[in-house]
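Following: one structure in structure tokens, then a few remarks.
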Amino acid sequence: SINQRPNILDFDITKLTTVAEGKPDTLQYKLHFVYEGSPISPWHNIPFLAGEKSREKLLHFICEIPKGTTAKFEINKEQDNNPIIQD
């Protein structure tokens, strides 16, 4: 289940951590997101807008294919709290 969402205006990226499960580069690998000690969904609970700098909007996003890699990741839409999984 999805926990109560952090207030978008009060969201503090420094309070966000991740917990890895399974061996990297395998289909069992999952990356879970934790905010202030509680599991959250990166899809539902991390606000899209991250603020502004020099009058330009900053955004939070998840890169599915990190630079310098060929392994693809995706957000698992079926599992509670939507961990990132190896695709």
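Interatomic distance, CG of N81 versus NE2 of H44, reported as 9.0 Å (0.5 Å rounding). Distance CD1/I65 to CG/D87: 9.0 Å, rounded to 0.5 Å.
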Exercise. Under the side-chain contact (heavy atoms from CB on, under 4.5 Å) criterion, do F61 and F48 qualify, and how do the steps go?
Worked result: CA-CA 7 Å; F61 81 101; F48 184 59; 5.6 Å; no
For this session: Please test F33 against L16 for side-chain contact (heavy atoms from CB on, under 4.5 Å), starting from the C-alpha separation and ending with a verdict.
Result: CA-CA 7 Å; F33 288 75; L16 181 69; 4.0 Å; yes
For this session: For ring pair (Phe, Tyr, Trp, His ring centres under 6.0 Å), just list the numbers for Y35 and F11, CA-CA rounded to whole Å, side-chain angles, deciding distance to a tenth of an Å, and then say yes or no.
Result: CA-CA 9 Å; Y35 187 78; F11 187 83; 4.8 Å; yes
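With contacts defined as side-chain heavy-atom distances shorter than 4.5 Å, the pair Y29/L31 qualifies. Put simply, the side chain of I75 does not reach to within 4.5 Å of the side chain of E64, judged on heavy atoms. The side-chain heavy atoms of F73 and C63, taken from C-beta on, include no pair separated by under 4.5 Å. Between I46 and I62 there is no side-chain heavy-atom pair separated by less than 4.5 Å.
Connectivity analysis of hydrophobic side chains (ILVMFWY, heavy atoms under 4.5 Å, direct or indirect) links V34 to V19.
For the residue pair K72 and Q86, no side-chain donor N or O sits within less than 3.5 Å of a side-chain acceptor on the partner.
Within the structure, side-chain hydrogen bond (donor to acceptor under 3.5 Å, both in side chains) pairs that include any residue of residues 11-22 comprise D12-T14, K15-E36, E21-H32 (at least two apart or interchain).
A donor-acceptor distance shorter than 3.5 angstrom exists from the side chain of N82 to the backbone of N76, with no hydrogens or angles considered. Under the 3.5 Å distance criterion, the side-chain polar atoms of S41 are matched with a main-chain donor or acceptor of W43.
Heavy atoms only, all atoms of each residue included: A71 and P66 are closest at O-CD, 4.0 Å.
K23 meets the side chain to side chain contact (heavy atoms under 4.5 Å, CB included) test with T26; sequence neighbours excluded.
Residue-environment remark: CD (E56) stays at or below the threshold of 12 foreign heavy atoms within 6.0 Å.
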